[in-house]
2 protein chains.
Amino acid sequence: MAKDKLSERQQGMLAFIREFTGENGYPPTIRQIGEAVGISSTSVVNYNLNKLEKDGYLTRDLKVSRGLRLVGETPRGFVKVPLVGYIFASEPVPVPGEASAFAPDEAIELTRDLLADDQDLYALRVRGDSMIDAMVNEGDIVVMKKQAQARNGEMVAVWLRDKEETTLKRFYLENGRVRLQPANPKMGPIFVDPEKVEVQGKVVLVLRQLN
Amino acid sequence: MAKDKLSERQQGMLAFIREFTGENGYPPTIRQIGEAVGISSTSVVNYNLNKLEKDGYLTRDLKVSRGLRLVGETPRGFVKVPLVGYIFASEPVPVPGEASAFAPDEAIELTRDLLADDQDLYALRVRGDSMIDAMVNEGDIVVMKKQAQARNGEMVAVWLRDKEETTLKRFYLENGRVRLQPANPKMGPIFVDPEKVEVQGKVVLVLRQLN
DNA sequence: CATTATACAGAACATTCGTTCGGAAGTCAA
DNA sequence: TTGACTTCCGAACGAATGTTCTGTATAATG
């Protein structure tokens, strides 16, 4: 609660805890903190840690070695999504084989709060500019969730049998036909016979890195 | 190195370590691991940990409490980017004030490998569909790096003084004039007097979450 | 059969590590 | 001044925790 400014020592402690934890994968002990910031007595470190906790900068688990956690650093929720290939209009999208749970030459790491769900995900790099109507372009990465069915309104990757083409669209089944709505609101939908549509997966995230 | 398959116990240990660490921010003790997977003797846990280390599944720091680290389990690279507002065509983009280092009602967390740089970043939510030519749309999130100058080829947010409009384009200064190139390759560039262009920041990442 | 390696248990041991206590020095207000 | 409060130190205590040792059972090997 005390909204006092932190003492230099306390700032140093926070900085050290952050750095140490990042480097070692576990937090430092009281004695390590003391040594780092130049405190000879463990009780003083303890004293300041309690203060920092009261001020809301960290959480302590009493009686537990290294029982520290910086608040805000918390979530620690990662998802590693294998980058399994490319997506472009003229081919069906690759779907990672069941068996090959692991062979990802590459993977991207995302924080879990970017995703609603973290099961059955895989990522594809967009190749070519044939998907501009889906607002994705060469180099973008689309994160897909493996599923063969789509619910209305979901953005899915579909393979159009007769056109022999992959496309990313919002999916609507209505009046016995499938309406595929481009992401770009300035473009109109296309209508397809449900028999001719193969849902390859649902798009859950699009990433575009600029450099 | 032993490429034997892991015993069920060892898999359980790895899973527990991963879960515990994710939940608490620090790894479990030997005894906690033992309890979790049903091993009564600390020596047996130790034994299996050594085996797992030899097989390359984790790293141990001897003599150190909770001195465990799962390999491949992320170098813990987070970046917390404050979500400071909205971007739309009819207003200049907000730039977080120098002083207000903290006031982010919201923030998004990204893994560091998504970004080339992690300094001076902030995020904006796209409002409206007036930026479709930049391949971003309502609801998308753009991550910006604060900078007032652009180098050729960079994707920047610029404020066009005479049009009174914000736009996202690739920036090229050539022959004394500025060429602004839309992300959408099917659209042509616009040319502007350098005096009329205010660079508000560089776009480093575009995120689109679908739900 | 004897030998070796693996996987485990239990107990004891040795540190590491969090906690507590008495006290000292400084600041601030009554 | 006195008294409270804060910040610090040093030392000691006890619990938490990693390590080691002895021993057993099993399977594979020759």
Side-chain angles (χ1 to χ4, degrees), chain A residues 1-21 23-71, chain B residues 1-21 23-71:
Chain A
M1 295 294 174
K3 277 291 114 189
D4 305 325
K5 212 188 308 290
L6 293 181
S7 73
E8 196 167 323
R9 221 171 219 197
Q10 290 167 347
Q11 291 189 29
M13 287 172 60
L14 287 179
F16 173 70
I17 293 170
R18 183 170 297 118
E19 182 194 335
F20 185 100
T21 308
E23 216 155 282
N24 296 283
Y26 47 83
T29 66
I30 285 186
R31 284 171 177 81
Q32 287 171 326
I33 297 172
E35 194 179 348
V37 299
I39 297 178
S40 65
S41 174
T42 58
S43 67
V44 176
V45 178
N46 193 45
Y47 170 80
N48 282 290
L49 282 178
N50 285 331
K51 183 143 299 191
L52 286 170
E53 182 177 28
K54 186 157 56 97
D55 290 4
Y57 290 96
L58 50 81
T59 303
R60 298 192 72 186
D61 295 337
L62 295 188
K63 303 264 194 183
V64 169
S65 71
R66 306 173 191 275
L68 296 176
R69 185 196 297 210
L70 295 181
V71 312
Chain B
M1 288 300 172
K3 277 291 118 189
D4 305 325
K5 212 189 305 290
L6 294 181
S7 72
E8 196 168 322
R9 226 175 214 191
Q10 290 167 347
Q11 291 188 30
M13 288 172 59
L14 287 178
F16 174 70
I17 294 170
R18 183 172 298 118
E19 182 193 335
F20 184 101
T21 308
E23 218 156 281
N24 295 282
Y26 46 83
T29 66
I30 285 186
R31 282 172 179 80
Q32 287 170 325
I33 298 173
E35 195 178 348
V37 299
I39 297 179
S40 66
S41 174
T42 59
S43 68
V44 176
V45 178
N46 193 45
Y47 170 79
N48 283 289
L49 283 178
N50 285 330
K51 182 144 301 192
L52 286 169
E53 182 177 28
K54 187 157 56 100
D55 291 4
Y57 290 95
L58 50 80
T59 303
R60 299 192 70 186
D61 295 337
L62 295 189
K63 303 265 196 182
V64 169
S65 70
R66 305 172 192 278
L68 295 177
R69 186 199 300 215
L70 295 181
V71 311

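Below, chain A is the first sequence line, B the second, and so on; all start at residue 1.
First and last contacting nucleotides of DNA chain C toward chain B (any atom under 4.0 angstrom from a heavy atom, 5' to 3' order): dT6(C) to dC17(C).
Across the protein-nucleic acid pair, Asp55(A) atom CG and dT6(D) atom P stand 12 Å apart, rounded to whole Å. The distance from atom CD1 of Ile30(B) to atom P of dG18(D) is 5 Å, rounded to the nearest whole Å. The CG-P distance, from Leu68(B) to dT17(D), rounds to 12 Å in whole Å. One can place OH of Tyr26(B) at 13 Å from P of dG18(D), the figure rounded to the nearest angstrom. Rounded to whole Å, the distance from CZ on Arg66(A) to P on dT17(D) is 10 Å.
A donor atom on one side chain and an acceptor atom on the other are found under 3.5 Å apart for Arg60(A) and Asn46(A).
Two residues are said to be in side-chain contact when any heavy atoms from C-beta on lie closer than 4.5 Å; Asn48(B) and Val37(B) fail this criterion.
Side chain of Arg66(B) to backbone of Pro27(B): a donor-acceptor contact under 3.5 angstrom is found. With Arg31(A) contributing its side chain and Thr42(A) its backbone, the two residues share no donor-acceptor pair below 3.5 Å.
Of the inter-residue distances, the one linking Met13(B) atom CE with Leu68(B) atom CG reads 8.5 Å to the nearest 0.5 angstrom. Within the model, atoms CG of Leu70(B) and CG of Leu52(B) stand 9.0 Å from one another, a figure rounded to the nearest 0.5 Å. One finds the CG atom of Asp55(B) at 9.5 Å from the CG atom of Leu14(B) (value rounded to the nearest 0.5 Å). Here the straight-line distance linking atom CG of Leu49(B) with atom CD of Gln10(B) works out to 9.5 Å at 0.5 Å rounding.
Close to dT19(D), at under 4.0 Å from its OP1 or OP2, lies a side-chain N or O of Arg60(B).
Listed by residue number, Thr42(A), Ser43(A), Asn46(A) are the residues of residues 41-51 of chain A with a heavy-atom contact under 4.0 Å to DNA chain C.
DNA chain C is contacted by both Lys63(B) and Arg9(B); Arg9(B) maps to the nucleotide lying nearer its 5′ end (nearest heavy atom per residue).
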